[in-house]
Q: 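Take this structure first; my questions come after.
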Amino acid sequence: MAKDLFSLENKYCVVFGGAGYLGNATVEALLNQGAKVVVADVFPEYGVKNTERFEGNPNCVLFKCDIQHVEEIRAAYDKCLEAF
């Protein structure tokens, strides 16, 4: 049987800015290919609406993160390890 060349099964991703318009589409594409995803964003008002459909998905975790702070970036990666 041929392996799916684009499968992301058993892969883990952190998408910084994942609540934005482009990031949201990236998260959806990664999930559709089987990845487990941490959406790391500051979650402005539009971002909350963009990510509502991912809440409750066991392969997706929402994590508040401001990339201006190195410790928050590290915490996002730690969240990925913890969640998956």
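Numbers here simply count residues along the sequence, with the first being 1. Just so it is clear, the model here is predicted, and its values are computed rather than measured.
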Q: Side-chain contact test, heavy atoms from C-beta onward, threshold under 4.5 Å: evaluate it for L30 versus L8 and give yes or no.
A: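 The answer is yes; the side chains approach within 4.5 Å.
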Q: Considering residues, nucleotides and ligands other than L22, do more than 12 of their heavy atoms fall under 6.0 Å from its CG?
A: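 Open.
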Q: With rounding to the nearest 0.5 angstrom, report the CD to CD distance, Q33 to E9.
A: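 Q33 atom CD to E9 atom CD measures 9.0 Å (nearest 0.5 Å).
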Q: Is any side-chain heavy atom of V37 less than 4.5 Å from a side-chain heavy atom of V15?
A: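 Heavy-atom side-chain distance check passes, below 4.5 Å.
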Q: Kindly work out whether a path of hydrophobic side-chain contacts (I/L/V/M/F/W/Y, heavy atoms less than 4.5 Å apart) joins V38 to I67.
A: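 Yes, because V38 and I67 connect within a single hydrophobic cluster, where side-chain heavy atoms sit under 4.5 Å apart.
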Q: Return the CG to SG distance between L31 and C60, rounded to the nearest 0.5 Å.
A: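 Reported value, rounded in 0.5 Å steps: 5.0 Å.
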Q: Would you give the length of the straight line joining atom OH of Y12 to atom OH of Y77, rounded to the nearest 0.5 angstrom?
A: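 Here the interatomic distance stands at 15.5 Å.
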Q: If the threshold is 4.0 Å, N to carboxylate O, is there a salt bridge linking R74 and E71?
A: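 No, no charged N to carboxylate O under 4.0 Å.
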Q: Using a strict 4.0 Å threshold on nitrogen-to-oxygen distance, state whether K64 and E72 make a salt bridge.
A: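 Salt bridge between K64 and E72, a charged N being under 4.0 Å from a carboxylate O: no.
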Q: For the pair D41 (side chain) and A19 (backbone), establish whether a donor and an acceptor sit closer than 3.5 Å, ignoring hydrogens and angles.
A: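 Present.
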Q: Of all the heavy-atom pairs spanning F16 and A76, show the shortest one and how long it is.
A: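 Nearest pair, atom of F16 first, then A76: CE2-CB, 3.9 Å.
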Q: Where do G20 and Y46 come nearest, in terms of heavy atoms and distance?
A: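 Heavy atoms of G20 and Y46 come nearest at CA-CE1, 3.8 Å.
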Q: Are V61 and F84 side-chain neighbours, meaning at least one heavy-atom pair lies under 4.5 Å?
A: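 Answer yes - side chains close enough.
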Q: Can you tell which of V14, T51, N24, N50 makes a side-chain contact (heavy atoms from CB on, under 4.5 Å) with V39?
A: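 For V39, the side-chain contact (heavy atoms from CB on, under 4.5 Å) test succeeds with only one of V14, T51, N24, N50, which is T51.
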Q: Any chain of hydrophobic side-chain contacts (each under 4.5 Å) joining F54 to V48?
A: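 Yes; tracing contacts between hydrophobic side chains, which count when under 4.5 Å, links both residues.
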